[in-house]
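First the structure, then my questions, so here it is.
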Amino acid sequence: MAKLSLTYRFLRAIGLNYSEEEYGQVGLFTVIGKFFSNPYHALLQSMMDWVIFTPIAPRMLRPWLLRRMGATVGKGVFIGDHCKFDLNHADLITLDDHAHVASGTRLLCHQRNLSNYCVGDDYAKLGYRIAPIHMKKGSLVGMESFVMPGTTIGEGAIVGAGSLVSKDVPDWTIAVGRPAKVVKQIPVRENPQEIKE
């Protein structure tokens, strides 16, 4: 194992575990910057559920607040109440036009990297896997679902309520479960002239 810098050893000693594999060489000013951005992002996150904004929250306020946190948010995006977004990595979240994130959903762009975890290892010393989340145009994630790092939910795809999205969901499919699995291909309309309701 390479020799760790003095700053990195100090950060580890006070309980801040930054993996050099994912974050690169972590400096004290980087940590100070994160410290000051976190309360701001936490305030924005809490504003998403202020009752006074209920009439405008899902389609106006919450998408606007998520943009302020660094996410890429398209037009006509719907964000339900009590959704949680990865505060430190919101810049890795992309919601294309008309994507829907139903109430209670969590979008996580980081998780512990278990790829080399073995008996006797200290879980607290594991680094993180950090990867983007992309919800394509017109997709929906149902209530109380979890979307994990590195996943893409395809155009027009629907993820059922209470699901755990740990792998990509293809365009125009319905996926449900923990972990979410495709259970149906959405059909092509036979008569394109039919009115969409």
Which ILVMFWY residues are connected to M143, directly or by a chain of links, through side-chain heavy atoms under 4.5 Å apart?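 Besides M143, the cluster holds no residue at all.
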Nearest-0.5 Å distance, OG1 of residue T72 to CZ of residue R67: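 Answer rounded to 0.5 Å: 9.5 Å.
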Supply the atom-to-atom distance Y128 OH to H89 NE2, rounded to the nearest 0.5 angstrom.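 Interatomic distance, Y128 OH to H89 NE2, rounded to 0.5 Å: 8.5 Å.
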With a 4.5 Å cut-off on side-chain heavy atoms, are D86 and L92 touching?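 No. Closest side-chain heavy atoms not under 4.5 Å.
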For A175 versus A180, what's the shortest heavy-atom pair and its separation?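 Looking at all heavy atoms of both residues, the shortest contact is CB-CB, 4.2 Å.
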Less than 4.5 Å apart, side chain to side chain, heavy atoms only: is that true for L95 and L107?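 L95 reaches L107 side chain to side chain.
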Restricting to non-hydrogen atoms, name the atom on A57 and the atom on P63 that form the minimum distance, rounded to 0.1 Å.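 Nearest pair, atom of A57 first, then P63: O-CD, 3.8 Å.
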Identify the two heavy atoms, one from T105 and one from G142, that lie closest to each other, and give their separation to 0.1 Å.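 Looking at all heavy atoms of both residues, the shortest contact is OG1-O, 3.1 Å.
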Any side-chain heavy-atom pair of R112 and Y117 under 4.5 Å: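 No; the side chains remain at least 4.5 Å from each other.
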Measure across A157 and P170 and return the closest heavy-atom pair with its distance rounded to 0.1 Å.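 Smallest interatomic distance, heavy atoms only, reads CB-O, 3.5 Å.
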Side chain of R129, backbone of P149: donor and acceptor closer than 3.5 Å?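 Such a contact is found between R129 side chain and P149 backbone.
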Can you confirm whether M48 sits close enough to M69 that some side-chain heavy atom of one is under 4.5 Å from a side-chain heavy atom of the other?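 The answer is yes; the side chains approach within 4.5 Å.
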Connected hydrophobic set around I186, excluding itself, where side chains approach under 4.5 Å: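 Answer for I186: L140, I158, W172, I174, V176, V183.
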Rounded to the nearest 0.5 Å, what's the gap from CZ on R106 to CD1 on I133? Could you check?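 If we round to the nearest 0.5 Å, R106:CZ and I133:CD1 are 12.5 Å apart.
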So, taking the atom named CG in L66 and the one named CD1 in I79, what distance separates them when rounded to the nearest 0.5 Å?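 Rounded to the nearest 0.5 Å, the CG-CD1 separation comes to 5.0 Å.
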Between D97 (side chain) and K75 (backbone), is there a donor-acceptor pair under 3.5 Å?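 Between the backbone of K75 and the side chain of D97 there is a qualifying donor-acceptor contact (under 3.5 Å).
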Which distance, rounded to the nearest 0.5 Å, do you find between the CD1 of I130 and the CG of N88?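 So the gap between those two atoms works out to 9.0 Å.
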Are I93 and L164 connected, step by step, through hydrophobic side chains (Ile, Leu, Val, Met, Phe, Trp, Tyr) whose heavy atoms are closer than 4.5 Å?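 No; L164 is not reachable from I93 via cluster members.
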May I ask whether I56 and V101 are part of the same hydrophobic cluster, defined by side-chain heavy atoms of I, L, V, M, F, W, Y residues being less than 4.5 angstrom apart, directly or through others?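 Linked, I56 and V101 end up in one cluster.
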Between C118 and D121, which heavy-atom pair has the shortest distance, and what is it?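 Reported closest heavy-atom pair: N-OD2, 2.8 Å.
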Surrounding CG of N116 (heavy atoms of other residues, nucleotides or ligands, distance under 6.0 Å), is the total greater than 12?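 Atom CG in N116 is not crowded, with 12 or fewer foreign heavy atoms closer than 6.0 Å.
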Cluster overlap I153 with M148, hydrophobic side-chain contacts below 4.5 Å: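 No: no chain of side-chain contacts under 4.5 Å links I153 to M148.
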Residues R62 and D49 bridged, charged N to O under 4.0 Å: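 A salt bridge is present here (some side-chain N lies under 4.0 Å from a carboxylate O).
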Student check: side-chain heavy atoms of P132 and T94 closer than 4.5 Å: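 They are not in contact (no side-chain heavy atoms under 4.5 Å apart), so the answer is no.
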Minimum side-chain heavy-atom gap Y123-L114 below 4.5 Å: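 Yes, side chains in contact.
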Between D171 (side chain) and E155 (backbone), is there a donor-acceptor pair under 3.5 Å?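 Here the side-chain-to-backbone pair exists.
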Determine which pairs satisfy side-chain hydrogen bond (donor to acceptor under 3.5 Å, both in side chains) with at least one residue from residues 130-145, sequence neighbours left out, and list them in order.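 Of all non-adjacent pairs touching residues 130-145, those that pass side-chain hydrogen bond (donor to acceptor under 3.5 Å, both in side chains) are D96-H134.
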Are W64 and M47 connected in the hydrophobic side-chain network, where two residues link if heavy atoms are under 4.5 Å apart?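 Yes, same cluster.
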Are L44 and F78 connected in the hydrophobic side-chain network, where two residues link if heavy atoms are under 4.5 Å apart?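 Different hydrophobic clusters.
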What's the separation between atom CZ in F85 and atom SG in C109, rounded to the nearest 0.5 Å?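 Going from the CZ atom of F85 to the SG atom of C109 covers 10.5 Å.
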Counting only N and O atoms by type, is there a donor-acceptor contact under 3.5 Å from the side chain of H100 to the main-chain atoms of H98?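 Yes, H100 side chain to H98 backbone: donor-acceptor pair under 3.5 Å.
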